[in-house]
Q: 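Can you keep this structure in mind? I'll have questions shortly.
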There are 2 protein chains.
Amino acid sequence: MAKMRSRGTGLPTLAEVAAKAGVSPITASRALRAVPSVDPDLVERVRKAAKLLGYVPNPAARTLASARSRSVMVLIPALTNQLFIEMFEMIEQVLSARGFEALMGHYHYDQAEEERLIRNYLAYQPCGILVTGFGQSEVSARLLADCGLPRIHMMELAETADVASVGFSQEAAGAAVARHLIERGRRHFAFFGAQLDRRLLQRRDGFQRALVEAGFPPALEIMTPEPSSIALGAAQFSALRQTDPGIDAIFFCNDDLAFGASFEALRQGVRVPETIAFVGFNDLPGADQILPRLTSVRTPRAEIGRCAALRLLALIEGEKPADTRLDLGFELIVRDSS
Amino acid sequence: MAKMRSRGTGLPTLAEVAAKAGVSPITASRALRAVPSVDPDLVERVRKAAKLLGYVPNPAARTLASARSRSVMVLIPALTNQLFIEMFEMIEQVLSARGFEALMGHYHYDQAEEERLIRNYLAYQPCGILVTGFGQSEVSARLLADCGLPRIHMMELAETADVASVGFSQEAAGAAVARHLIERGRRHFAFFGAQLDRRLLQRRDGFQRALVEAGFPPALEIMTPEPSSIALGAAQFSALRQTDPGIDAIFFCNDDLAFGASFEALRQGVRVPETIAFVGFNDLPGADQILPRLTSVRTPRAEIGRCAALRLLALIEGEKPADTRLDLGFELIVRDSS
DNA sequence: CTGAAAGCGCTTACAG
DNA sequence: CTGAAAGCGCTTACAG
């Protein structure tokens, strides 16, 4: 009987559920985990007892005993970009529908913070890993590889086939923007970048390459490592108008920069797209409302989250990975600004 | 020796650290937790051994043994509102600096989802709870009360003294907006609401009360339970211009609605503030950049997160709560739109 | 100031 | 299909 008391928190234990159902704790455990070998009648009885007592399994005990949790480590560069929130919400939805949960961490686009996070979260013995891109430090990369956990990289596409990825080609997206602006008759290009993460640089590379291939000189680059923001976009655009008034097309690495520039253009009376064309990136909420409505590249972040989570679950459940690389593409949404 | 092998994950265990330092596991445990009674030399040795092995405590084992984790349950209505992200990031910062971590959950402003979340997270045996506001279901409220964990409510101020809260008076904020618009000579008021959560209704109540007290009829209410968004603000404003062109001042429950209305006003050529004044809420990024620059109520969400986390840690560490109610106020930022 | 014993609430083999 | 035994990696009393 001593083993029958509730746990410290007052929550009921598996032993109590088992006693109420008249079975052994192991059978109760199996019944609740839907292990197939259990008599359906017993399963029913155990489930009823669990519900009656309001039983919730103790994840600490479960993790300790099995050396594996039902948590998936999800690493995201920042919470301040709605992009990643949309991806994460989808991940959560897929995971929770299958009885898993997300152990989410963000690292302000900082490799050292990411490394610390990985080390900490590994101690929670997650059953799988979802990471953003391939910009990890060497130490992080080693930690991820050595733990041997199923893992999928999101947003970027892997260059080699030995690692699974779900995303789209950032370079191709950059190139598509260049081609669009060229088709629209633009001749003097600028690229606005902030944060300067890996994927942004890939977009820039694609943009520049396509320009050069079409016979244009490379675009003027206005870059800063500080985080992207509306105010920054306004400031960058204002500066550009002073120094390079001849620019007639700008590709912004993120919509918020484009929003800021749009406001500044309105204030200064610079006509968009007549004088200068704007193309943003991500198609964030508001791109379709701002003046002028913003041309932008719609990125499939929710779908990336969904597919990555689904594929990870398949790996966790021992399935063979079919394709290791899933390209979900992107879509150029042409509106009034270009 | 059998007890000395690494754990399933390959991570080193406390026993290994203890062996390397030449002490018992209990002493190693105490040394790493900075229990004061341990010989400084031993602490040093244990720390060195831990660092050498790259030891990270197993949280599952720790939680199971102590019936208490170092996790704080943090409940947030939604991740899609930057407001809560800013509050949460501050909470995280305070917690992690003191060796705690956030177990964050969000519930799409849905009471049932919040209840499920509470039930699940309680199983993780958190050491404290940070919740947003007081709009929980009865069941949720009981779960929170019965677990007996230290708890602080954020954003809203409690009505009774038996529960701790850190926030500001939503009603007072609404009233301040009303008084400002009246001072500016406005006469025909509307209130735009979405989501219709508790705090929004409090702001509305404060707004309406102040209008009535000043001798005006109550404001026209344009309300919808759907989530707040830029597109919604544009649509609501467009509709209002059809039905009630005489309105000369709008208080928006959130800046994104105001942003959408600002775009629509530009499109329709409705002059702000000449024809109609706009006041937003929260002073989100972009409010100072949009055309016209938006008057808004700046809410101290980061400071709320910081103070709430700090006070919770004090409670966790057994301190007596000084004030149970901390009013951090708000600030009306008057810009060009009113 | 340090340690041996017991136990947290589960699950993993191993029997039957 | 079901169960008794052992153990996951820590910490909590309890001794000394």
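Everything numeric in this text was worked out from a predicted model, so none of it was measured. In the text below, chain A, chain B and the rest are named by the order of the sequence lines, each starting its count at 1.
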Q: Would you write out the dot-bracket form of DNA chain D, 5' to 3', with Watson-Crick and G-U pairs under 3.5 Å, [ ] for crossing pairs, | for pairs to other strands and . for unpaired bases?
A: |||.||||||||.|||
Q: Restricting to pairs with a member in residues 24-50 of chain B, which pass salt bridge (charged side-chain N to carboxylate O under 4.0 Å, His left out), not counting sequence neighbours?
A: none
Q: Not counting sequence neighbours, list each pair that qualifies as a salt bridge (charged side-chain N to carboxylate O under 4.0 Å, His left out) and has a residue in residues 107-122 of chain A.
A: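 Listed by first then second residue: A:E115-A:R119.
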Q: With a 4.0 Å heavy-atom cut-off, tell me which residues in residues 36-48 of chain A come close to DNA chain C, sorted by residue number.
A: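 DNA chain C contact set from residues 36-48 of chain A: none.
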Q: With sequence neighbours excluded, tell me which residues meet side-chain hydrogen bond (donor to acceptor under 3.5 Å, both in side chains) with A:R198.
A: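 A:R198 satisfies side-chain hydrogen bond (donor to acceptor under 3.5 Å, both in side chains) with A:E156 only.
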Q: In whole Å, what is the span from the CD atom of B:E16 to the P atom of D:dC8?
A: 12 Å
Q: Rounded to the Å, how far apart are B:L32 CG and D:dT11 P?
A: 8 Å
Q: CG of A:L14 versus P of D:dG3: gap in Å, rounded?
A: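 Whole-Å distance recorded here is 12 Å.
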Q: Can you measure A:Q125 atom CD to C:dC10 atom P for me and round it to whole angstrom units?
A: 17 Å
Q: Taking only residues two or more places apart in sequence, or in another chain, which ones meet A:S37 in a side-chain hydrogen bond (donor to acceptor under 3.5 Å, both in side chains)?
A: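 By the side-chain hydrogen bond (donor to acceptor under 3.5 Å, both in side chains) rule, A:S37 matches no residue at all.
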Q: Return the 5'-most residue of the pair B:G22, B:L64 with respect to DNA chain C, ranking by each residue's nearest nucleotide.
A: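 Per heavy-atom nearest nucleotide, the more 5' residue is B:G22.
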Q: Could you go through nucleotides 12-16 of chain D and list every protein N or O atom that sits under 3.5 Å from one of its N or O atoms, giving the distance for each pair?
A:
from   : atom 1 : to    : atom 2 : distance (Å)
D:dT12 : OP2    : B:R33 : NH1    : 3.2

Q: Holding to side-chain hydrogen bond (donor to acceptor under 3.5 Å, both in side chains), I want the full list of residues that pass it with A:T132, two or more places apart in sequence or in another chain.
A: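 Result, side-chain hydrogen bond (donor to acceptor under 3.5 Å, both in side chains) vs A:T132: none returned.
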Q: Which pairs pass salt bridge (charged side-chain N to carboxylate O under 4.0 Å, His left out) with one or both residues in residues 86-109 of chain B, sequence neighbours excluded?
A: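 Applying salt bridge (charged side-chain N to carboxylate O under 4.0 Å, His left out) to every pair that reaches into residues 86-109 of chain B, excluding sequence neighbours, yields B:E86-B:R301, B:R98-B:E317.
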Q: Heavy atoms, side chains only, cut-off 4.5 Å: are A:I118 and A:V131 in contact?
A: no
Q: Tell me which nucleotide among D:dC8, C:dC8, D:dG3 gets nearest to the side chain of A:V23.
A: D:dG3
Q: Which pairs count as ring-ring contact (aromatic ring centres under 6.0 Å, His included) when at least one residue sits in residues 116-162 of chain B, sequence neighbours excluded?
A: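 Pairs touching residues 116-162 of chain B that pass the test: B:F134-B:H153.
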Q: Can you tell if the side chain of B:M104 reaches within under 4.5 Å of the side chain of B:I91, non-hydrogen atoms only?
A: no
Q: Tell me whether the OP1 or OP2 atom of C:dT2 has a side-chain N or O from B:T27 closer than 4.0 Å.
A: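 False: B:T27 side-chain N/O out of range (4.0 Å or more) of C:dT2 OP1/OP2.
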Q: Output all residues satisfying side-chain hydrogen bond (donor to acceptor under 3.5 Å, both in side chains) with A:S140, sequence neighbours left out; order by chain, then residue number.
A: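 In terms of side-chain hydrogen bond (donor to acceptor under 3.5 Å, both in side chains), with neighbours along the sequence ignored, A:S140 is linked to A:S137.
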Q: Ignoring hydrogens and angles, write down the donor-acceptor pairs under 3.5 Å from the side chains of residues 73-85 of chain A, residues two or more places apart or on other chains.
A:
from  : atom 1 : to    : atom 2 : distance (Å)
A:N81 : OD1    : A:L83 : N      : 3.1

